[in-house]
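As structure tokens, the structure follows; a few thoughts come after it.
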There are 2 protein chains.
Amino acid sequence: MSNDGLAAALQHLDHLAAMPSASERVAEVLRQQIVGGAIRSGTRLTEETISARIGFSRNTIREAFGMLVAERLAVREPHRGVFVATPSRGDIQDLYATRQLIEPAALEFGPGCSPEAVAQLRAIVVAAREGRDAGRPEAVAEANQRFHLAVARMGRSVRADQLMLGVLTEMRLVFHLMDDDRRFHEPYLERNAAIVDLLEQDRRPEAAAALREYLADAERQLVEALDTDWADRARRS
Amino acid sequence: MSNDGLAAALQHLDHLAAMPSASERVAEVLRQQIVGGAIRSGTRLTEETISARIGFSRNTIREAFGMLVAERLAVREPHRGVFVATPSRGDIQDLYATRQLIEPAALEFGPGCSPEAVAQLRAIVVAAREGRDAGRPEAVAEANQRFHLAVARMGRSVRADQLMLGVLTEMRLVFHLMDDDRRFHEPYLERNAAIVDLLEQDRRPEAAAALREYLADAERQLVEALDTDWADRARRS
DNA sequence: ATTGCCATATTGTTCCACAATCCTCTAGTG
DNA sequence: CACTAGAGGATTGTGGAACAATATGGCAAT
């Protein structure tokens, strides 16, 4: 207790040296494959197969599966296995209900809505525009995710942040369900910009209201797009 | 596809027959002991000890530990073990930041704020008053938890609900930190009642504002109480 | 087409082993 | 006396094998 400073410094080194456990590394690999689209929704993840493929024991794989299930990226069906989650319409509605609850509240009442935070939002919008003009829709999507995460962070609650991170990660799964997910975010770029405009004028309630409409429109468009996709798929089979 | 009704009914039976896995049962036992105060904050949970005590293998215990850690009821220190969480001041502030973000938003904008939902809140307040008048502060605390969970449910988001359930569970850990946690909730009972009054008059913005003040006061009182507790404990040692 | 049954595969769980890491205690050193 | 170094013991992290419980799919019988 004599010198907290040294302890803090060592803690820092600790953090640098912190090697994630095997199960966390396995979970991270699978996570990337899932949200990156390399493993499609509905795919069965067999313990032995994964174990053989990436060289960790079944025990470790099971632990990793547990994490993915806890994050809702996968679903466990008892005695059947774990499958990459396929978000249902209900899931999408719930995801947007969560966002409707948290994001506008963070905008309007979040204690972290500082000028620096607004400037960061502005920077993200600028980056998104560059991505759009450069013909890189992936950059636009990524910027959009960063934007909404930054909005949530204005609530200054790590627990809510974590929830929002999980929600936005699940959203990536949703986008992979669509036949054409590349240009989905483009129309919303300028609406993000409008929200930043309002924030720069300290009109937080209006910004929150704009975000609420934004989210409702996005949900509508997403559900409609997926309905036609689902109809197509049903017709094909 | 000929009869969804039957399928739904079978799904229901499935659910009734669903026996939780061993690790979930172990986690549930430990959860109850922790939030009930039988295992105090900071206690080390040794894999072998627990394994021997409740008769499941170390592997299963480890899985259960993972769940508790994911719920923040326990903390894992690599190569040292898992310990029952002891919420810090930062944790308390974060818990209340989360509540400030979600609960008032659910009150003001939640699509689940139906007359029935308000009536349920009213019933909870009545039950809390009975508990208070019967000299059962535990009943008051439990009703208070139910109240705020019901508020959150107005957001109609199972993901946010789950977060709030976790937050309220963590709050129980916080209360166990106090020397006197029995009568903490009593002063807030009538403020809950006032919020229900406003809701019954469809004055949702005012109800949300009242809840925001409520939460800020509760946080202040809690941090102060714990500060003196911490000071006492430091002085004693 | 539906039912009943059996073979097979996968999961859920246990048990054991062992390396890696942390804690404690002792002995030595200045 | 304070402090460092290191040995010893305990616990976790991970691997691997085994087995029971359960789901799947095919085949036969009605």
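Note that the structure is predicted; figures quoted are calculated from it, not measured. Excluded from the calculations below are hydrogen atoms, water molecules and symmetry mates; all remaining heavy atoms, backbone and side chain alike, are included.
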Using whole Å, report how far CZ of B:R62 lies from P of C:dC16. 18 Å
Dot-bracket encoding per residue of DNA chain D, Watson-Crick/G-U cut-off under 3.5 Å, | denoting interstrand: ||||||||||||||||||||||||||||||
Under 3.5 Å, is there a donor-acceptor pair between the side chain of B:T46 and the main chain of B:T49? no
Hey, which sits more toward the 5' end of DNA chain D by its nearest nucleotide, A:E77 or B:E48? B:E48
Quick one, A:E116 with A:S114, criterion side-chain hydrogen bond (donor to acceptor under 3.5 Å, both in side chains). Give me CA distance, side-chain angles, the key distance, then yes/no. CA-CA 5 Å; A:E116 302 85 49; A:S114 60; 3.3 Å; yes
B:E219 and B:R99 ion-paired at < 4.0 Å: no
Heavy-atom neighbours of A:E48 CD exceed 12 at 6.0 Å: no
Tell me whether the side-chain N/O atoms of B:T60 come closer than 4.0 Å to OP1 or OP2 in C:dT14. yes
Given atom CG of B:L45 and atom C1' of D:dT12, what is their separation to the nearest angstrom? 14 Å
Is the backbone of A:N59 close enough, under 3.5 Å, to the side chain of A:S57 for a donor and an acceptor to pair up by distance? yes
Using atom CD of A:E47 as one end and atom C1' of C:dA9 as the other, report the distance to the nearest whole Å. 12 Å
Between C1' on D:dG15 and CD1 on A:I54, what's the gap in Å once rounded to a whole number? 14 Å
Between CE of A:M19 and P of C:dC22 the distance, given in whole Å, is 11 Å
In plain terms, say whether B:R146 and B:E142 are close enough for a salt bridge, that is, a side-chain N and a carboxylate O under 4.0 Å apart. yes
Look at the side chain of B:N144 and the backbone N and O of B:A141, then say whether any donor-acceptor pair between them is shorter than 3.5 Å. no
Are B:Y214 and B:H148 close enough that their ring centres sit under 6.0 Å apart? yes
If you measure from the Lys or Arg side-chain nitrogens to the Asp or Glu carboxylate oxygens, is any gap between B:E28 and B:R25 under 4.0 Å? no
Atom pairs under 3.5 Å, N or O on each side, protein against nucleotides 23-25 of chain C: can you list them with distances?
{"residue": "C:dC23", "atom": "OP1", "partner": "B:R80", "partner atom": "NH1", "Å": "2.3"}

What integer distance in Å separates B:I61:CD1 from D:dT11:C1'? 15 Å
Take the protein atom CD of B:E63 and the nucleotide atom P of D:dT14, then report the distance between them rounded to whole Å. 14 Å
With a 3.5 Å distance limit and no angle check, can you tell me whether A:D227 reaches the backbone of A:E224 through a side-chain donor-acceptor pair? no
Run the side-chain hydrogen bond (donor to acceptor under 3.5 Å, both in side chains) test on A:R153 and A:Q120 for me, step by step, so that the C-alpha distance in whole Å, both residues' side-chain angles and the decisive distance to 0.1 Å come before the verdict. CA-CA 12 Å; A:R153 263 196 241 284; A:Q120 192 192 354; over 6 Å; no
Set out, line by line, the N/O atom pairs under 3.5 Å between protein and nucleotides 16-21 of chain D.
{"residue": "D:dG16", "atom": "O6", "partner": "A:N59", "partner atom": "ND2", "Å": "3.1"}

